[in-house]
S.K.: 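Pasting in a structure now, in structure tokens, and then I'll have a few things to ask.
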Number of protein chains: 2
Amino acid sequence: MKVTNLKELAQILDLSVSSVSKALKNRPDISLETRSRVKALAKEYGYVPNVLAQNLKSGKTRTIGVIIPNVLDEFFGMVLQGIEKQAAAKNYKIVICISDDKKTKEKDAIETLINGSVDGVLISIAKETQNQKNIEHLNRIVKHGTPIVQFDRVMTGLECDMISVDDFNAAFKATKHLMNTGCKRIAFITPISGTSVGGMRKEGYLQALNLKGGNLSKPIVIEIKNYTNFMQALRAALNKNKIDGILAADELSAIYAINTIQSLELMVPTDVSVIGFTNGMLAKCSNPTLTTVSQHAFKMGKKAVNQLIKRIEYPKRETDYIHSILKTDLTVRNSTKKINTATIQ
Amino acid sequence: MKVTNLKELAQILDLSVSSVSKALKNRPDISLETRSRVKALAKEYGYVPNVLAQNLKSGKTRTIGVIIPNVLDEFFGMVLQGIEKQAAAKNYKIVICISDDKKTKEKDAIETLINGSVDGVLISIAKETQNQKNIEHLNRIVKHGTPIVQFDRVMTGLECDMISVDDFNAAFKATKHLMNTGCKRIAFITPISGTSVGGMRKEGYLQALNLKGGNLSKPIVIEIKNYTNFMQALRAALNKNKIDGILAADELSAIYAINTIQSLELMVPTDVSVIGFTNGMLAKCSNPTLTTVSQHAFKMGKKAVNQLIKRIEYPKRETDYIHSILKTDLTVRNSTKKINTATIQ
DNA sequence: TTGTAGGCGTTATCAG
DNA sequence: CTGATAACGCCTACAA
């Protein structure tokens, strides 16, 4: 009552294996009658062709490998959702490896994937790897000939396509928004100083402060290793620098910043304005709601898949690799003051 | 400078394919010298055995299929993290399909997976499927002989193992906690009334209200379809019933409840206490921080993997299927009043 | 219209 | 110690 391969089906039908195979693929060189007879029986016995064999034969897997630092970060979750959706739409499966921001796990994941189980790889690079600036293990994929597309956390020096967020401009615009709402002493707080993304955001912040006009303070950059000593670090900085505006390099830092400020009996945004990144649930639910950079993570996932599939299906084109950069939007909510048109520059 | 299969390697080494294969597997019937010669060359040429062929031969894939409603919900994200971690530890890969809570997508996912690409399936059932109480498509996996383990959102009537959270007791204990802190008019608000999980939580709530002692109000159950009309629905209920305690069936509802209450110039927990489920970031970052049920999602993911691998690797055992139920903890924070020992029952 | 043969890359068995 | 052969399940020329 259960048939697992063509041979068994063929025996029951008293046909050859190849005829059954062709009938199931609806080939015109098999008589219509036979075709329907075969298909009916196949259905009845719940026959499903073995993909492994098909893949081995065709050399394709219709599977995309995804290496991602984690899935709990809402940004990565959104990207993943986008990846899955687009992959499903294009009839690809995805296999996921979580690097946990560790280089060794990332390396293992690569070894796991480049042995024929996937047609291509999407990767966002682990913090550790970016800190160490060591991409040998990534080069292995390239050498192996497996198409690869980097997304969000990207590193140059690898022959592959990249998709990232325009983090520089995002931070630049966000900082300018703080300036336009009257902030003079703007700090940048970051738990991701070692990543490409963190670097771009910092640059954007610094550049914006360089704009003439307004008597701004010198840059105040607060780098934190993790969230445990967050409050302490920020409190110290707040007291020392009379900060009146904060650009946080991720969502959680922004939320913690709000909490810290309020714990000092200060008001957001009256005393201190706060802008974050990611535009996730935390931003929507915080009190006050958080002004934040929207990164279009879902779209990024989709685009990454499309680009990878292009490389998979048209591998010839040795055109130069592209680096596409996604624009961001600033979603203004209540953690920043209303804009004062008189002071816009 | 790149070798993709044993045949090519064998030619270079002037050996037979089978000898090379054995040498790479370090078989003692190949001379030590040959073995190292082969391995050296394999490394030099970057040879990686083709898993597809290996799998076809062995009939195993060392891959687990995961069908999950979504990955953005922090609870599912945590479960997924647990699944991935344990799978990696046991040297399994995972392929992920997101059902988006839609039955058709769930069905497609099943078809995608049971054709030999995975050794077993982990599934948490889509809302739609649970609403319709239709599990034909799930039965297909069972019929096909692929081991399957259900987690969190489970349905009976399927011959398989299940792992779920003790949602009944969780809600029961949470409701009792509200009672113990002096709440008399306790409401239950749920956006997941159609799911197994939502049902259990409601039952726990109702049972707790049935306890004698304290002059409690009748049950107040607020079922919402989505979050858009949330505020309106809750405001109406608050006005009508003088609610002083809320058990929310998920994290987001709890957060929205706090916001709604505060928007009415009421205080949490002084006027209304709130308890949620999931214990995610939102609970930790809200203001006041949220008293919440911890479900140990990560552990659930791990356990599900272990159980599935057991079935995969020892398929003979036709022992009865197990349904393991994970205990929960109540994490008390600031959205509930301090307990008044005098009123504990 | 149907069947036969060979091969995708690997491995287990058995022969040399 | 090494090599030839068959098999996993499927597909596609080509032959009948």
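Keep in mind that what you see is a predicted model, and the values were worked out from it rather than measured.
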S.K.: Answer whether the closest heavy-atom distance between the side chains of B/F151 and B/M162 falls below 4.5 Å.
M.R.: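 When only atoms from C-beta onward are counted, B/M162 and B/F151 do not touch, as no gap falls below 4.5 Å.
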S.K.: What is the distance, rounded to the nearest whole Å, between atom NZ of A/K60 and atom P of D/dC11?
M.R.: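 To the nearest whole Å, that distance equals 17 Å.
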S.K.: Compare side-chain N and O positions of B/S16 against OP1 and OP2 of D/dG3 and report whether any pair is under 4.0 Å apart.
M.R.: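 Yes, because at least one side-chain N or O of B/S16 sits under 4.0 Å from OP1 or OP2 of D/dG3.
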S.K.: So do the side chains of B/L24 and B/V38 get within less than 4.5 Å of each other, counting heavy atoms only?
M.R.: yes
S.K.: Return a single string for nucleotides 9-16 of chain C, one symbol per nucleotide in 5' to 3' order, where B is base contact, S is sugar-phosphate-only contact and - is none, cutoff 4.0 angstrom on heavy atoms.
M.R.: BBBBBB--
S.K.: Just the rounded figure in Å: distance from P of D/dC11 to CG of A/L52.
M.R.: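 The answer, rounded to whole Å, is 13 Å.
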S.K.: When you check the phosphate oxygens OP1 and OP2 of D/dC8, does a side-chain N or O of B/S58 lie under 4.0 Å from one of them?
M.R.: no
S.K.: Roughly, in whole Å, what's the span from CD1 in B/I30 to P in D/dG3?
M.R.: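 My rounded result for the distance is 8 Å.
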S.K.: Please check if atom NZ in B/K303 has more than 12 non-hydrogen atoms from other residues, nucleotides or ligands closer than 6.0 Å.
M.R.: no
S.K.: Expressed in angstrom and rounded to an integer, what is the separation of A/L24 atom CG from C/dT2 atom C1'?
M.R.: 15 Å
S.K.: B/E74: what forms a salt bridge (charged side-chain N to carboxylate O under 4.0 Å, His left out) with it, not counting sequence neighbours?
M.R.: none
S.K.: Mind checking what makes salt bridge (charged side-chain N to carboxylate O under 4.0 Å, His left out) contact with A/D73, not counting sequence neighbours?
M.R.: none
S.K.: Expressed as a whole number of angstroms, how long is the span from B/E8:CD to C/dC8:P?
M.R.: 11 Å
S.K.: Between atom CG in A/D14 and atom C1' in C/dT1, what is the gap in whole Å?
M.R.: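 Checked: the CG to C1' distance equals 15 Å.
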S.K.: Have a look at A/L15 and say if it touches a base, only the backbone sugar-phosphate, or nothing, with a 4.0 Å heavy-atom cut-off.
M.R.: sugar-phosphate
S.K.: A/R153 versus A/K127: any side-chain heavy-atom pair under 4.5 Å?
M.R.: yes
